[in-house]
J.: 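I'd like to ask you about the structure that follows.
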Number of protein chains: 2
Amino acid sequence: MWSNHINYYLSMRTHELVLSWIEKQLSDGHLVLGGRLPAERALAEQLEVSRTSVREAIRILEAMGLVRAGVGSGKDAGTVVIAEPATALGSALRLHVATQHLPVADIVETRVLLESWAVSRAKADAPELEEAARLLDEMDASPAVDDFLALDVAFHLALAEAAGNTVVSTIMGSLREAIEGYAAALTANLPDWDSTAHRLRSEHRAILDAVNDGDGGRAATLVAAHIEGYYREAGLGKAPVETRP
Amino acid sequence: MWSNHINYYLSMRTHELVLSWIEKQLSDGHLVLGGRLPAERALAEQLEVSRTSVREAIRILEAMGLVRAGVGSGKDAGTVVIAEPATALGSALRLHVATQHLPVADIVETRVLLESWAVSRAKADAPELEEAARLLDEMDASPAVDDFLALDVAFHLALAEAAGNTVVSTIMGSLREAIEGYAAALTANLPDWDSTAHRLRSEHRAILDAVNDGDGGRAATLVAAHIEGYYREAGLGKAPVETRP
DNA sequence: TGTGCTTGTGTGGTTAGACCACACTCTAGG
DNA sequence: CCTAGAGTGTGGTCTAACCACACAAGCACA
């Protein structure tokens, strides 16, 4: 653990020292969202470590969606503190899926769980629902598969955000991202995209209607069936040979 | 040189090149769990990049819980492919909590959601439940606070694993880790640790009994009350001063 | 024969210094 | 006033060296 003071001067690697320093700056509020880290060379000198070690620490923070490194000078330059946990978690999950340690079916199941909960908790007056409705209108006008899928992602994310739990919507987004490659490939398995798209559109409307009606239970049932139905149709069931008679 | 052209046209940084190469090796099965990456110097030569860039890529993989770097020679040496997504996700979540982008209350709420689902899905004959029972016995014999908390973590994780969804139990573990520091600090807020510990013990037994009885609904209710009760007692409610009359 | 020390080799960990590409800022010349 | 060029500060990359570590092989000695 980076914040472990016992290892502080014992077996801690240099870049971990830098990490713990930065984490402390964050916790103490000396580094805030949108703020800039000291320049790599300055930070290296200040912490009396090499620039290499500073860079390794920054790479880790970047991988975790905590900072963004920009070259040049001016507003987009330097290393800036951001907050994009979803992309970071998504990358990590995707890599673990690649090692086959995390089954895709489990990810889908988790997504169903989180999204069902989210729509059942969404308040009917949440501003995200208006955005969701707008996205559905846009989907009606977008026949292209790619556009449809991009809007679909945005719609489901808007639904998740309507529940007001940042962690849930973040994890939702990262799960989605982790299997995005799979989902895109699965689309090719569909027997008839046009009819599938038509069905998905009406299911989206039904889900949104249920949320707007304040009927969380119905919304949860519909969204679960919506997601599971899609993956089943595309040939990715949850353990199709499961011994559950 | 050669890599500069690639960088220019693909706008990909060198260490990302290394990352994508490694991810491909994982996807293609050329790198498996427990396997070893080529040595840093060899990999650098093979990919025609500097060792620096290889190291930055490895740092990222390490931060994601995908590899472990070990010095020396022999069995624990070299960079080995592992699968520890929980620690990686936990670190990322903890850092984002530090930036106050992810509220602790949301994390607790998510944990309740996942763990409720897990116990409601756990099969009564899951082998993890025997481990959970053993942990409870051990807790009865461990008066020290630290031991109790460590066993508590293991118990809840065992429960989550009994549901058979790796993603859910992994996220559960990472959520727990992200707020571990908070939880430990909160213990100090408790008015009377001994009575709290006694209550937690009996609640644990009740939860495990419900799971063993195959009563998932009761188990879910109990575990939700168990977790929420603890954090409430320790003074961490869900938005206690929320301006929502 | 066996034991213990020394040396060799391969691994990641760390450092210093140099150069590049980039984006903005300043300044001198028109 | 405007513009082209020099200046400055940023991250990105590379090279070359050294260190600490852990094991393996071989040698020296009892």
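Below, chains carry the letters A, B, ... as their sequence lines are ordered, and counting in each starts from 1.
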J.: Between A:Arg36 and B:Glu56, who's closer to the 5' end of DNA chain D by nearest nucleotide?
T.: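 Closer to the 5' end of DNA chain D: A:Arg36.
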J.: For A:Ser50 and C:dT14, is the shortest distance between a side-chain N/O and OP1 or OP2 below 4.0 Å?
T.: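 Negative; the distance criterion is not met.
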J.: Between D:dG12 and A:Arg55, is there an OP1 or OP2 to side-chain N/O distance shorter than 4.0 Å?
T.: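 For D:dG12, OP1 or OP2 has a side-chain N or O of A:Arg55 closer than 4.0 Å.
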J.: Listed by chain and number, what are the salt bridge (charged side-chain N to carboxylate O under 4.0 Å, His left out) partners of A:Arg55, not counting sequence neighbours?
T.: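 Scan of A:Arg55 (salt bridge (charged side-chain N to carboxylate O under 4.0 Å, His left out), adjacent residues dropped) gives A:Glu40, B:Glu56.
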J.: From the options D:dT15, D:dG11, C:dT15, select the nucleotide whose nearest atom is closest to the side chain of A:Thr52.
T.: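 Nucleotide nearest to A:Thr52's side chain: C:dT15.
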J.: Tell me whether the count of non-hydrogen atoms from other residues, nucleotides or ligands lying under 6.0 Å of CD in A:Glu45 goes above 12.
T.: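 Incorrect, the count does not exceed 12.
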J.: With A:Ser27, which residues qualify under side chain to side chain contact (heavy atoms under 4.5 Å, CB included), at least two apart?
T.: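 With neighbours one apart ignored, the set is A:Glu23, B:Ala98.
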J.: Write down the protein N/O and nucleotide N/O pairs, taken from nucleotides 22-26 of chain D, whose separation is under 3.5 Å; answer none if there are no such pairs.
T.:
residue : atom : partner : partner atom : Å
D:dA22  : O3'  : B:Ser73 : O            : 3.4
D:dA22  : N3   : B:Ser73 : OG           : 3.0
D:dC23  : O4'  : B:Ser73 : OG           : 3.4

J.: Look at B:Glu62 together with A:Arg13 and state whether they make a salt bridge at an N to O cut-off of under 4.0 Å.
T.: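 Judged by the 4.0 Å cut-off on N to carboxylate O distance, B:Glu62 and A:Arg13 do form a salt bridge.
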J.: Kindly assign one of parallel, tilted or perpendicular to the pair B:His204 and B:Phe148, based on the angle between their ring planes and the thresholds 30° and 60°.
T.: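 Because their plane-to-plane angle is under 30°, the rings of B:His204 and B:Phe148 count as parallel.
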J.: Picking from D:dG11, C:dG13, C:dT15, which would you name as closest to the side chain of B:Arg59?
T.: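 Side chain of B:Arg59 sits closest to C:dG13.
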J.: Could you check whether A:Ala69 gets within reach of a base, just the sugar-phosphate, or nothing at all, counting any heavy atom under 4.0 Å?
T.: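 Sugar-phosphate, backbone atoms only, no base.
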J.: Decide if atom CD of A:Gln100 counts as having more than 12 heavy atoms of other residues, nucleotides or ligands within a radius under 6.0 Å.
T.: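 Incorrect, the count does not exceed 12.
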